[in-house]
Amino acid sequence: HSAKRAALSHAWYSAAQEAARLDHLGLVSDLRAAVAQSQLQMWLQPKFSLAGTGQPVGAEALVRWIHPQRGFVSPAEFVPFAEQTGYITMVTDWMLDQALQTLQAWQTTHPALSIAVNVSTRDLQDAGFAQRVGQKVARSGINPQRLRLEITESGLMEDAQKSVELLHALRAVGIPLSIDDFGTGYSSLAYLQKLPVSELKIDRSFIDGIDKAPRTQKLVKAMIEMGHGMDLFVTAEGVETEAERSTIAQLGCDVMQGYLGSRPLYGAQLQAWLDSVTEAPALSAK
Ligand code: C2E
Ligand code: MG
Ligand code: MG
Ligand code: MG
C-alpha cells in the first residue's frame, strides 16, 4: 500500500517537477497566446549563391517572439521548450502560413526566391503533417518548389525509420527538403542515402574560423563532395567573414548564409533588401 502511494507520489512529483521545469520562465501558457495574439514574427535571412555574381537564392524563415512583458525571447530559448510541450506544431503551422503568404506577395516581384521553414521532429510525429502541408501549399497556389523545409540532422536520427517515411510523404508533395545543422547529428551514411533530401546545410560550428583550420577544411571538403555525390546542394551556415566565404567557395560549396551576407531581416529592412535584389535576367526581362 505505502509502496504504491510512494510510487504515485513519486509519479506526481516528477510530473509536477517537469511542469515546473518547463514553466521556469512562465512561458508555457504564454506561448499559446503568442500565436493567437500575433506576438510572433517571421524574420527572413537571405541565402546567396557562391557561384557567378553571388545572387540571392532565397531566405530562411526564423521565428521571433516579442513577449508583452519579457520583450524579445530567443528561439534558442523557446523552441526546445515548445517542442517538449507540443506547442511547436502551432508555431510551425503559423510559420508555414506566413511563408506561403510572403511567397504569394513575391509572386510577381521575386518569383525566383524560395523560403525555407524549420520543421521540428515533433511535427514529423504527426502522421497528418505532410497532408496538412500539402493542403496549405495547394490552397496558396504557390509552386511547392519555392517552399523548403529544414529538419535538423539530430532530429532525423531520433526516429530514423519513421523520419524516412514522413520525408517521402513530404517530398511527394513536391517540397524540397534540407538537412539542417549537418555534421552534428551522427547520421550514418547508409541512412543519409535513403533520405529524399535536396540540400545539406553544414552546421556553423564547422564554418567558424574555417579559413584558419586546415583540418576542418578537409572535413568540410569531404562533406561537400559527399553531398554533391548524392546530387545535393550544399549550403554553409553562419558565414561571418570574407575569409570564411572565400574558403568555402574554394571548397566547392554552393550557397552561403550568415551575417556576412545578411542578418535576419524584418519589416522595412526586409523591404529595402528586396528592393535591392535584381532578379535573374530571364525573370526580370520586360
Ligand atoms: P537554424 O535553423 O540553424 O537557424 C540558423 C540560426 O543561426 C539562426 O538563429 C540565425 O539567426 C543564426 N545565424 C545566421 N547567421 C549567423 C552567423 O553568421 N553567425 C551566427 N553566430 N549565427 C548566425 P536563430 O534565429 O536564433 O534560431 C536558432 C535556432 O532556432 C534555429 O537554428 C532553429 O533550429 C530554431 N528555429 C528558429 N526558428 C524556428 C522555427 O520557426 N521553427 C523551428 N522548429 N525552429 C526554429
Ligand atoms: Mg534552419
Ligand atoms: Mg542550422
Ligand atoms: Mg540550429
Side-chain angles (χ1 to χ4, degrees), residues 31 34-35 39-48 56 58-66 72-102 114-126 129 133 147-156 158 170 176-185 187 197-211 220 223 233-245 247-248 253 255-266 269-270 273:
L31 196 50
V35 180
Q39 293 165 14
L40 300 183
Q41 295 176 347
M42 178 185 75
W43 286 56
L44 291 173
Q45 184 177 35
K47 295 168 68 175
F48 300 88
E60 175 173 6
L62 296 162
V63 71
R64 299 288 179 259
W65 182 8
I66 317 300
F72 178 86
V73 185
S74 157
E77 196 165 22
F78 80 85
V79 165
F81 167 87
E83 283 173 341
Q84 281 160 334
T85 55
Y87 285 123
I88 194 70
T89 58
M90 290 189 318
V91 175
T92 305
D93 276 12
W94 187 84
M95 291 291 278
L96 282 167
D97 291 339
Q98 294 295 305
L100 287 167
Q101 274 176 35
T102 304
S114 64
I115 296 182
V117 172
N118 290 285
V119 159
S120 111
T121 41
R122 193 74 188 229
D123 296 307
L124 296 181
Q125 280 162 19
D126 170 2
F129 182 66
V133 177
L147 183 68
R148 292 183 159 270
L149 299 178
E150 297 189 1
I151 304 120
T152 63
E153 186 189 25
S154 54
L156 287 170
E158 269 172 37
L170 281 169
L177 307 175
S178 308
I179 302 184
D180 204 354
D181 302 350
F182 183 73
T184 61
S187 55
V197 297
S198 55
E199 179 187 38
L200 289 185
K201 297 189 74 178
I202 299 178
D203 190 71
R204 77 174 140 86
S205 57
F206 296 97
I207 309 304
D208 184 17
I210 190 171
D211 51 297
V220 167
M223 289 183 194
F233 283 103
V234 182
T235 295
E237 301 188 295
V239 179
E240 293 184 354
T241 68
E242 175 50 33
E244 290 167 354
R245 189 205 63 80
T247 304
I248 54 153
C253 196
V255 173
M256 72 150 190
Q257 181 179 344
Y259 296 165
L260 178 72
S262 173
R263 296 237 164 201
L265 304 172
Y266 184 77
Q269 277 188 320
L270 175 64
W273 177 72

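Keep in mind that the numbers below use all heavy atoms, side chains included, and drop hydrogens, waters and symmetry copies. All ligand and atom numbering here is 1-based and tracks the order in the structure.
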- Residue list, salt bridge (Lys or Arg N to Asp or Glu O under 4.0 Å) with Glu83, at least two apart or on another chain: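 Salt bridge (Lys or Arg N to Asp or Glu O under 4.0 Å) check on Glu83 returns nothing, list empty.
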Taking [X] for its side chain and [Y] for its backbone only, find out whether a donor-acceptor pair lies under 3.5 Å.
| X | Y | value |
| --- | --- | --- |
| Glu244 | Glu240 | yes |
| Glu60 | Lys47 | no |
| Asp203 | Glu237 | no |

Between [X] and ligand 1, is there a nitrogen or oxygen pair with a distance under 3.5 Å?
| X | answer |
| --- | --- |
| Gln257 | no |
| Ser74 | no |
| Thr152 | no |
| Val63 | yes |

So do [Y] and [X] actually touch side chain to side chain, heavy atoms under 4.5 Å?
| X | Y | result |
| --- | --- | --- |
| Leu44 | Leu265 | no |
| Leu96 | Leu147 | yes |
| Phe182 | Met223 | yes |
| Val239 | Ile248 | yes |
| Met95 | Asn118 | no |
| Gln257 | Lys201 | yes |
| Val91 | Val79 | no |

Which ligand 1 atoms, with their elements, are less than 4.0 angstrom from a heavy-atom of [X]?
| X | answer |
| --- | --- |
| Glu237 | 3 (O) |
| Glu240 | 17 (C), 18 (O), 19 (N), 20 (C), 21 (N) |
| Ile88 | 44 (N) |
| Pro75 | 24 (P), 25 (O), 26 (O), 27 (O), 30 (O), 37 (C) |
| Met95 | 41 (O) |
| Pro264 | 11 (O) |

- Query: Which is it for Asp180 and ligand 1 at heavy atoms under 4.0 Å: side chain, backbone, both or neither?
  - Reply: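 For Asp180, the contact with ligand 1 is made by the side chain alone.
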- Using a 4.0 Å heavy-atom threshold (strictly under), name the region of Val117 that reaches ligand 1: side chain, backbone, both or neither.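 For Val117, there is no contact with ligand 1 at all, from either part.
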- Item | Asp181 near ligand 1 by a heavy-atom separation under 4.0 Å | yes
- Using non-hydrogen atoms of the residue, decide whether Met42 is closer than 4.0 angstrom to ligand 1. no
- Query: So, Asp203 and the Mg ion (ligand 3): N/O/S under 2.8 Å, yes or no?
  - Reply: no
- Of all residues at least two apart in sequence or in a different chain, which pass the ring pair (Phe, Tyr, Trp, His ring centres under 6.0 Å) check with Tyr259?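 Residues passing ring pair (Phe, Tyr, Trp, His ring centres under 6.0 Å) with Tyr259: none at all.
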- Query: Does any donor atom in the side chain of Thr92 or Asp123 lie under 3.5 Å from an acceptor atom in the other side chain?
  - Reply: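 Present: a donor and an acceptor within the cut-off.
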Shortest-distance N/O/S atom, [X] versus the Mg ion (ligand 3):
| X | value |
| --- | --- |
| Asp180 | OD1 |
| Glu237 | OE2 |
| Asp181 | OD1 |

Have a look at [options] and point out the one with the heavy atom closest to [atom].
| atom | options | result |
| --- | --- | --- |
| atom 7 (O) of ligand 1 | Gln98, Lys201, Arg204 | Arg204 |
| atom 25 (O) of ligand 1 | Arg64, Glu244, Gln45 | Arg64 |
| atom 45 (N) of ligand 1 | Val79, Asp123, Val239, Leu62 | Val79 |

- Message: Suppose we only count N/O/S atoms under 2.8 Å; would Asn118 qualify as near the Mg ion (ligand 2)?
- Response: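 So Asn118 does bind the Mg ion (ligand 2) by this criterion.
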- Query: the Mg ion (ligand 2) as vertex, arms to OE2 of Glu60 and OE1 of Glu150: angle to 10°?
  - Reply: 90°
- Return the orientation label for the Phe48 and Trp273 ring planes: parallel under 30°, perpendicular over 60°, tilted otherwise. perpendicular
